[in-house]
Amino acid sequence: MAKKKGPSIISKTNELVQYLSQGNDLDFIMNPISYTQIRGNFSLVQTNLMIAIIAQLQDRIKEQLNIGEQTMLFKPEDLSGNLLNFEIPLKELGISPKKYGELEAACEALMHVDMSYKRYDEVDGVDYYVMQNIFHKIEFPTAEVNAEGEKIAYKSGVRRKGVIKIQMVDESAREILNLRKGYTRHLRGITSLCRSPRTPRLYIYLSAWRKIGKCTVNYIDLKEFFGVLKFSRDRKRVVENKYIKYGAFHRDVLDPVLREMRKLSDEGKVEFCFDYEPVYPRGVTRGDPDSICFHIIEGKMGMAQQHDSYMGRLHSSLITKYGLQPMEWERLSALIYEGLDLTDELARLDRLIEEKQPDNVHAYATEVLYRWLKEHQASPELSFDEAMEVKEEPVVERPYVQPMFKEKWAFWMQKSRERLGEEFYKTYMECCDLWAVRDKKVLVSVPNDFVREKWEEHIGEIISYFFTAFGQDRTLAYYRQDL
């Protein structure tokens, strides 16, 4: 039977992995974190326009990051008066000439939107919000004659030059387009993938928290971020509140974004999705929460990128330390699958080489690692029934479970505990465990049929958390094995 090389997402035949391993990259935007925090209710076209502005600054962003300067993205000579000038080709926005009228309307609306952003007062040591228009002018230049000086025949009498000229207010640009607070990375074409105008905004915002894995946002701040809650300029009164009750807000704002991002993540079109939960004051379980806690869940694309990045670092380390040859690396890399932790084994290898002092270090290192990797491949496939069925199996040695899947299991169990209650969890769930992950199946060990039946009675209440943790393409199966 052929050895299993790990989940299909990091299979050598996976197109995304091949694309990444060839040194290519998807089209990503380097974004100042402060830019992601602008508050307002924007359409997809308006969000796309703002992303295009950042795209204009990509070379400068990369240059500053390379030399370690996290300062302003523009210099005084880039300014005219107190304005910063941009010229963006319409083709960069992916807008056909038939949509120019729609774009003009979106830009006109953008000119009148009050956007707010955070500012830090270094003297008083406090954060506060500035509310103002960021754009001073947005123009669509037109031409009456062509390059030869001939008058252009056009049915409306006006022919656009195919660019937008934008002027941003200097004071706002300095605050929003600076790198002192760090930067994040997100897909440039995110707006073309989304139907909800709020999805790309939350995706871009959460990109800044991926390394941490979660973030907690004040509930009022979040409503203001989406533009569904607006304060007066002095912030002393609310002038607009579209969703008075939290139930309506999470139903109409958060849940549609969650569904869309989960779908895009499962299809491998964005790097991650998320789950969220309201955070209430101690002893309170209803009404408006204090904040919303977002849990970021890496998707197929994100895991493939992480695995590719890890393999690159590992390859470089083995070449530097042991002088590994290309054929030796190829032999090892075929056995390294997503989630496999090599930390302890590499430390052991260092000790062995120091102790034994082999003549041919790279050959010795290759052989030691190869034997360890062969031993830690997934156990031979057992025959399991489909989801919701139990199959009698002889007692076998417990398969190796990757740490990544253990973390997903812990997340699902925590959510199940909160949903089903402490008593049910301790009675019917603590006696079960994650037995193995086989291709698309997640095997849960159950001690007997009675416990399995109790799970099946309540599985509908917690299955959404299962899909959140393991992915929509996974199925749940039971394996009777009394631990």
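In this chain, residues are counted from 1 in sequence order.
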Are the side chain of [X] and the backbone of [Y] linked by a donor-acceptor contact shorter than 3.5 Å?
| X | Y | answer |
| --- | --- | --- |
| Trp412 | Ile462 | yes |
| Gln325 | Gly323 | yes |
| Tyr203 | Cys273 | no |

For Glu345, side-chain contact (heavy atoms from CB on, under 4.5 Å) partners two or more places apart: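 By the side-chain contact (heavy atoms from CB on, under 4.5 Å) rule, Glu345 matches Arg348, Val368, Leu369, Trp372.
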Residue pair Glu260, Arg198: steps toward the salt bridge (charged side-chain N to carboxylate O under 4.0 Å, His left out) verdict: CA-CA 10 Å; Glu260 186 165 43; Arg198 296 183 176 117; over 6 Å; no
Quick one: pull up [atom1] in [X] and [atom2] in [Y] and give me the separation to the nearest 0.5 Å.
| X | Y | atom1 | atom2 | result |
| --- | --- | --- | --- | --- |
| Glu267 | Ser265 | CD | OG | 9.5 Å |
| Phe467 | Asp275 | CZ | CG | 14.0 Å |
| Trp329 | Ser316 | CH2 | OG | 10.0 Å |
| Met261 | Leu206 | CE | CG | 6.0 Å |
| Asn85 | Leu83 | CG | CG | 6.5 Å |
| Phe466 | Lys408 | CZ | NZ | 10.5 Å |

Set of residues satisfying salt bridge (charged side-chain N to carboxylate O under 4.0 Å, His left out) with respect to Arg262, sequence neighbours excluded: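 Residues passing salt bridge (charged side-chain N to carboxylate O under 4.0 Å, His left out) with Arg262: none at all.
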Contacts of type ring pair (Phe, Tyr, Trp, His ring centres under 6.0 Å), residue Phe225, not counting sequence neighbours: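 By the ring pair (Phe, Tyr, Trp, His ring centres under 6.0 Å) rule, Phe225 matches Tyr205.
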Those residues that, when tested against Tyr276, pass ring pair (Phe, Tyr, Trp, His ring centres under 6.0 Å) (two or more places apart):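 With sequence neighbours excluded, Tyr276 shows a ring pair (Phe, Tyr, Trp, His ring centres under 6.0 Å) to no residue whatsoever.
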Less than 3.5 Å apart, which donor and acceptor atoms pair up between the side chains of residues 245-254 and the rest of the protein, not counting sequence neighbours?
| unit_1 | atom_1 | unit_2 | atom_2 | d |
| --- | --- | --- | --- | --- |
| His250 | ND1 | Asp255 | OD2 | 3.3 |

Pair Glu224 + Lys230, salt bridge at N-O below 4.0 Å: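 Looking at Lys230 together with Glu224, the answer is no, because their closest N to O distance does not fall below 4.0 Å.
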Acceptor/donor pairs from residues 211-223 side chains to any protein atom, 3.5 angstrom cut, sequence neighbours excluded:
| unit_1 | atom_1 | unit_2 | atom_2 | d |
| --- | --- | --- | --- | --- |
| Asn218 | OD1 | Ile220 | N | 2.9 |
| Asn218 | OD1 | Asp221 | N | 3.1 |
| Lys223 | NZ | Asn241 | OD1 | 2.9 |
| Lys223 | NZ | Tyr243 | O | 2.5 |

